[in-house]
There are 2 protein chains.
Amino acid sequence: MAAREDKKEIIIEKAVSVFAQRGYYKATTAMVAKEAGVTQPYVFHFFANKEELFKAVMDRAFGRIYDTFAKIDAPADQLIETMGHAFEEVIQTHRDEVLMVMQAHAISEEGIREHVRKLFKTIFDSLSLKFERAGIPEAEKTAAHFIGTGLLITVAEVLDLPQLTKGVGDDG
Amino acid sequence: MAAREDKKEIIIEKAVSVFAQRGYYKATTAMVAKEAGVTQPYVFHFFANKEELFKAVMDRAFGRIYDTFAKIDAPADQLIETMGHAFEEVIQTHRDEVLMVMQAHAISEEGIREHVRKLFKTIFDSLSLKFERAGIPEAEKTAAHFIGTGLLITVAEVLDLPQLTKGVGDDG
DNA sequence: AATGATTTATTTATCAATCAATAAATAAGA
DNA sequence: TCTTATTTATTGATTGATAAATAAATCATT
């Protein structure tokens with residue numbers, strides 16, 4: 001029988017796709033449990049409530065994006081382009097996670113909103129620092145633009161409006 | 001006693017703020033009814049279901065943003081700046097409506113998503129056309145960037161991260 | 001103008017469904 | 001046997017929605 005940590009891991013993994021596809025409110029703990037091959041009440045053995053489960057899922061998804069940017073090391077004049085490509089790659093390999101992260105700001109649960117706030121701030125700060133260290137002028141503005149582009153890509157994906165991203169990513 | 005259309009109007013008006021403040025799923029028809037000074041079932045006398053009510057609310061909010069841009073007439077070299085200022089003004093005068101529109105893409109109700117898609121497309125097309133007619137190069141890309149900035153402002157507002165919008169709006 | 005009939009507006013009461021969460025019971029392994 | 005892992009059974013709370021009842025307004029007729 002699978003060890004406790006394994007089961008917890010599986011639940012988080014499956015919850016990512018359930019939350020991503022249905023959104024926080026339409027995703028039920030029963031669905032997550034079913035996907036993970038576990039009974040619904042057993043989810044609450046690992047997470048105090050639905051909110052805590054979602055936070056764990058967000059940490060997982062955010063972490064992947066954070067790590068993707070963190071490990072990039074390119075010369076200043078290619079940094080933004082390289083990071084842009086890296087982001088596009090994450091979107092392809094972990095589409096659900098990225099879309100979920102970029103839509104999380106719309107969840108009106110106070111605890112979640114605060115958590116999401118911290119995660120966005122962490123990403124923004126690390127982007128700013130990276131750009132600043134690379135000697136890129138207006139590092140913060142560039143970081144903000146980077147996030148704004150991510151949001152735009154998400155809306156284009158979710159609403160199936162590819163026109164919105166035609167030519168996006170060509171420059172900074 | 002208020003005429004039928006008046007009541008419907010009042011319900012939409014109050015529903016805007018309820019939906020904006022609580023989000024689609026956490027907003028209940030009972031709350032909307034209470035704010036409008038009406039009983040909960042009576043809301044269903046005007047709208048077939050919660051979804052239809054929300055669509056009406058979205059039309060109202062989107063319409064305001066659309067009209068704001070539509071009536072702007074400025075020389076090409078000042079158009080984007082003028083429109084940016086106009087948008088900032090709408091955010092101040094009708095904050096709830098703007099934030100709601102910019103977050104609507106995260107609602108996972110199929111009917112709503114399709115409606116939101118059409119509204120976003122309408123705005124994007126009209127922005128593109130306006131920029132194109134003004135002789136602005138890369139009109140579509142500019143329109144997309146405009147929307148992306150709106151999304152960024154929304155996230156900054158909702159998550160209380162003013163750093164994200166420091167310096168945003170200074171250029172195109 | 002007063003009265004009664006008829007339609008329109010609005011409420012009370014309630015249903016059926018869903019869901020997160022708890023508690024108690026059982027199975028498995030050490 | 002004792003602990004850990006997991007399930008069954010159940011609950012309490014919400015919520016969108018419906019149906020039946022009431023009140024208010026409108027209108028026709030005397």
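Letters go in sequence order (proteins before strands), and every chain restarts at 1.
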Could you state the CZ-P distance from F54(A) to dA20(C), rounded to the nearest angstrom?
-> 14 Å

Rounded to whole angstroms, how far apart are CZ on F47(A) and P on dT22(C)?
-> 15 Å

Contact check, side chains of Q103(A) and Y24(A), non-hydrogen atoms, under 4.5 Å = no

Nearest to the side chain of T39(B), which nucleotide is it out of dT11(C), dG16(D), dA20(C)?
-> dT11(C)

Once you round it to whole Å, what is the distance between P of dG16(D) and CZ of R22(B)?
-> 11 Å

Separation of atom CD in Q40(A) from atom C1' in dT18(C), rounded to whole Å = 11 Å

What nucleotide among dT10(C), dA17(D), dT8(D) has an atom nearest to a side-chain atom of F44(B)?
-> dA17(D)

Take atom CD in Q78(B); do more than 12 heavy atoms of anything else shown fall under 6.0 Å from it?
-> yes

Which of Q40(B), K34(B), K50(B) passes side chain to side chain donor-acceptor pair (under 3.5 Å) with T29(B)? It is Q40(B)

Name every residue in residues 28-38 of chain A that has at least one heavy atom under 4.0 Å from any atom of DNA chain C, in order of residue number, or write none if there are no such residues.
-> T28(A), T29(A)

Are Y42(B) and dT11(C) close enough that a side-chain N or O sits under 4.0 Å from OP1 or OP2?
-> no

Rounded to whole Å, the CG-P distance (N49(A) to dT22(C)) equals 8 Å

Check whether any side-chain N or O of R113(A) sits under 3.5 Å from a backbone N or O of I107(A) as a donor-acceptor pair, and report yes or no.
-> yes

Could you please name the option among dA17(D), dA20(C), dT8(D) that lies closest to any side-chain atom of K50(B)?
-> dA17(D)

note: K7(A), atom NZ; dT6(D), atom C1'; distance rounded to Å ~ 9 Å

K130(A) side chain reached by M83(A) side chain, heavy atoms, under 4.5 Å = yes

Just checking, any donor-acceptor pair under 3.5 angstrom between side chains of E109(B) and Y25(B)?
-> yes

Over how many whole Å does the gap from Y25(B) atom OH to dC19(C) atom C1' extend?
-> 15 Å

Winner on side-chain proximity to P41(B), out of dT18(D), dT10(C), dT6(D), is dT18(D)

In whole angstrom, what separates H45(B)'s NE2 from dA23(D)'s P?
-> 18 Å

Should we say atom OH of Y66(B) is surrounded by more than 12 heavy atoms from elsewhere, each under 6.0 Å from it?
-> no

